[in-house]
Novice: 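Have a look at this one before I ask anything.
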2 protein chains.
Amino acid sequence: MISSKDVAKRARVSQPTVSRVLNNPDSVKAETRNRVLEAMEELGYYPNLIARSLVTNTTRTIALVSGTLKNGFFAETTDSIVHSAKSKGYKTITYFEDEDEVPDFFDSVMGFKVDGLLLSLIKLDDPVLERIKKTKIPCMFFNRKPRHGGNFVVLDNQLAAKMLTQHLLELGHQRIAYISGRTDVSTFLDRKLGFEQTMAEANVNLIPEMIHFIGTSSNEVEEATVKLLAMDPPPTAIMCVTDTIALICMDIIMSRGLRVPEDISIAGFDDIRLSSHQAIQLTTVGSSDMQTMGEIAADNLIELIELSEVNAEPRQILLQPVLNVRKTTAALS
Amino acid sequence: MISSKDVAKRARVSQPTVSRVLNNPDSVKAETRNRVLEAMEELGYYPNLIARSLVTNTTRTIALVSGTLKNGFFAETTDSIVHSAKSKGYKTITYFEDEDEVPDFFDSVMGFKVDGLLLSLIKLDDPVLERIKKTKIPCMFFNRKPRHGGNFVVLDNQLAAKMLTQHLLELGHQRIAYISGRTDVSTFLDRKLGFEQTMAEANVNLIPEMIHFIGTSSNEVEEATVKLLAMDPPPTAIMCVTDTIALICMDIIMSRGLRVPEDISIAGFDDIRLSSHQAIQLTTVGSSDMQTMGEIAADNLIELIELSEVNAEPRQILLQPVLNVRKTTAALS
DNA sequence: TTGAAAGCGCTAACAA
DNA sequence: TTGTTAGCGCTTTCAA
């Protein structure tokens, strides 16, 4: 392997001078600098970032702990996060954990001395939160937030759920089913609160058998959907707590020969790109900034890293929801 | 930061003994070992992987250079790659480059001393290929391959294109349009060859204005589709070189009030998960192993890393295509 | 503007 | 079974 020592020898300078050319070129006389640069070129030298990190205690790397890419939402956020990070000179180490896996990114993250942590997959009272806090590594949550404190960017989920529920109520739906992930997660809890509150305000009774809090795997969604369809009478509308769930739900309904929205209305959350496809046209509530939630998260994290104000105000960003009424919801005839 | 020195002091042993407990526990007397483990626990010690890497010259990290996650295909492969790698104890650094960007992962990869390289985004005669070869870093290509040599896993693209073209011909289509990425990429070149050859064998003339080789951004796909629809007469079928392109194409066609497949048939390649959705039902040719292409790539790369047979046979894996006839293609009436 | 020397936290060789 | 010593390739003082 070519090291700075080799370059130094060839350029007839000391090894630290090579380092200076890299990190503080102005402190080296132009003539010397050119000789060093030439030597680097000739030898095909690449500075060893590992060695540099050991000294500087920074890696210019962030760790992204995201939900699975099977969920289009996380594909979109991951894409924008990796891009944003890269444009600011940071590499991204990615972990895509399944919901109910115990996330074991921690040791790896700790040992690797990443400069920052971008987390989606946390529960409201996740035990990992305490461990993270102890590390003092700058950390930003996106899409989900811890019960108390933290830096985060999330949709105003309670309001979003209100808007969507209101929409269904206005269409005349009363037998509204609800398929959600478990409410030990802020996103799902807040959406549930918004839903329940709006239903209560409208004096519409919830039908307990129509409310499902399940894992987000397609199997579990399928199971819940099948149960709903088997009810007599079945729901006239199903509110799904993410677009990805809504799509699975829709798939199953259609595969049984039922029509959306003629036989049953479907609505989702997040407004992922796919939802606006002509063949899908899913009614959903997202944010005009949803595409850029990842970007916001990454940008803020990197600011936190570089400012390193220990006692800075927590960054808590709430995105405004936007209701997109498309073709999977219809008035009750 | 807690270092092995601190642990050593607390456990009243020398620092290398701490290291031994980590790397070769059997070589340490049980009693001593326990004392060390206890000290680690009490201090909340995590070994510094950066320092370890500097010595061992391995990082247990692979770099994944993938196409954008906007393409569902890459979302699926990325998911399986990151999972496979993790299950074998490797971290993944991800780069999602856009097609026509000059990929600048190279410096970062070189400096970081990743143990292996998983590449999708390469052209047939990509100049980066030579640079990679020089580094001696184990490398595996997936989905695309270089013109000569290399380790790769790809679909048998030429055969896949034949099967799909044959399908359209059997339905009676003759005015078949073709939307493809540029053919400086093996995947697109091979699919083109299969298409052209099958058309020639069937004595069906290609209509040059119906053949588009463009970038894969949705803008360019839109532009090409619009041009096709404006033709008189328009094509009766459009073959798109990826499912992602087919979906964009379908979106535009439908947004103009045309019906798929009644007015125009659409077919794609890859069989991404979305294609089998009831609301989409895209006819496409993929592989039963397409979901696991990423897995195959990751597993083989890690074998290459760990065997480190310098002169091993190149691993060149061709996946068998499977035609999935769904509902976006129909017989010409 | 440059060089000499020290040290980041670890592993690896050797000696005891 | 354990300790001593050296060194991975850098950056960072401090002197010259």
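Here is the naming used below: chain letters follow the sequence lines, and residue numbers restart at 1 for every chain. As the structure is a prediction and not an experimental result, all values here were calculated from the model.
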Novice: Would you say a side-chain N or O of Thr17(A) is under 4.0 Å from OP1 or OP2 of dG3(C)?
Specialist: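 Yes.
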Novice: Would you please confirm or rule out a distance under 4.0 Å between OP1 or OP2 of dT1(C) and any side-chain N or O of Ser27(A)?
Specialist: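 The answer is no; no side-chain N or O of Ser27(A) sits under 4.0 Å from OP1 or OP2.
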Novice: Can you tell me if Asn151(A) uses its side chain to pair, donor with acceptor, with the backbone of Arg315(A) under 3.5 Å?
Specialist: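 Yes; judged by distance alone, with no hydrogens or angles, the pair exists.
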Novice: State, without any angle test, whether Ser80(A) and Glu295(A) hold a side-chain donor-acceptor pair at a distance under 3.5 Å.
Specialist: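 No pair is found: no donor N or O on one side chain lies under 3.5 Å from an acceptor on the other.
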Novice: Counting the atoms with a prime plus P, OP1 and OP2 as sugar-phosphate, which does Ser19(B) contact under 4.0 Å by heavy atoms, base, sugar-phosphate, or nothing?
Specialist: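 Touches a base.
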Novice: Find the distance Ile2(B):CD1 to dC10(C):C1' and express it as a whole number of Å.
Specialist: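 Ile2(B) atom CD1 is separated from dC10(C) atom C1' by 16 Å.
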Novice: If only side-chain N and O atoms of Ser14(A) are considered, is one of them under 4.0 Å from the OP1 or OP2 phosphate oxygen of dG3(C)?
Specialist: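 Yes, such a contact exists.
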Novice: For Asn57(A), report the nucleic acid contact type (base, sugar-phosphate, nothing); a contact means any heavy atom under 4.0 Å.
Specialist: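 Here Asn57(A) touches no strand at all.
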Novice: Hey, can you pull the residues of residues 34-56 of chain B with a non-hydrogen atom under 4.0 angstrom from DNA chain D?
Specialist: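 Correct list: Leu54(B), Val55(B).
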Novice: How many Å lie between CZ on Arg12(B) and P on dT2(D), as a whole number?
Specialist: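 In whole Å, dT2(D) P lies 12 Å from Arg12(B) CZ.
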Novice: May I have the step-by-step check of side-chain contact (heavy atoms from CB on, under 4.5 Å) for Ile317(B) and Val154(B), ending in yes or no?
Specialist: CA-CA 6 Å; Ile317(B) 300 164; Val154(B) 297; over 6 Å; no
Novice: Will you find, in the side chains of Tyr95(B) and Thr92(A), an N or O donor that is under 3.5 Å from an N or O acceptor?
Specialist: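 On atom types as modelled, these side chains do not qualify, holding no pair under 3.5 Å.
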Novice: Using whole Å, what does the distance between atom C1' of nucleotide dC8(C) and atom CE of Met1(B) come to?
Specialist: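 Going from Met1(B) (CE) to dC8(C) (C1'), I get 8 Å.
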Novice: Do Phe152(B) and Met140(B) make a side-chain contact, defined as non-hydrogen atoms from C-beta onward lying under 4.5 Å apart?
Specialist: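 In short, these two side chains do not touch, never coming nearer than 4.5 Å.
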Novice: CD of Gln15(B) versus C1' of dA6(D): gap in Å, rounded?
Specialist: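 The distance from CD of Gln15(B) to C1' of dA6(D) comes to 12 Å, rounded to the nearest Å.
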Novice: Between dA12(C) atom C1' and Asn24(B) atom CG, what is the distance in whole Å?
Specialist: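 About 12 Å, once rounded to whole Å.
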Novice: Whole angstrom is fine here: how far is it from CG in Asp6(B) over to C1' in dC10(C)?
Specialist: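 Taking CG of Asp6(B) and C1' of dC10(C), I get 13 Å after rounding.
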Novice: Take atom NZ of Lys9(A) as the centre, draw a 6.0 Å sphere, and report whether it contains more than 12 heavy atoms from other residues, nucleotides or ligands.
Specialist: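 Open.
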Novice: Reckon Val18(A) touches a base, only the sugar-phosphate, or nothing at all at heavy-atom distances under 4.0 Å?
Specialist: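 It contacts nothing in the nucleic acid.
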Novice: Asn23(B) side chain: which of dA13(C), dC8(D), dT11(C) is closest?
Specialist: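 Of the candidates, dT11(C) comes closest.
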Novice: Check for me whether Arg131(A) meets the cation-pi criterion with Phe106(A), that is, NZ or CZ under 6.0 Å from the six-membered ring centre and within 45 degrees of the ring axis.
Specialist: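 Yes, cation above the ring, under 6.0 Å and within 45°.
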Novice: Using heavy atoms to find the nearest nucleotide of DNA chain D for Arg20(B) and Leu22(A) separately, return the residue whose nucleotide is more 5′.
Specialist: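 It is Arg20(B) whose nearest nucleotide is closer to the 5' end.
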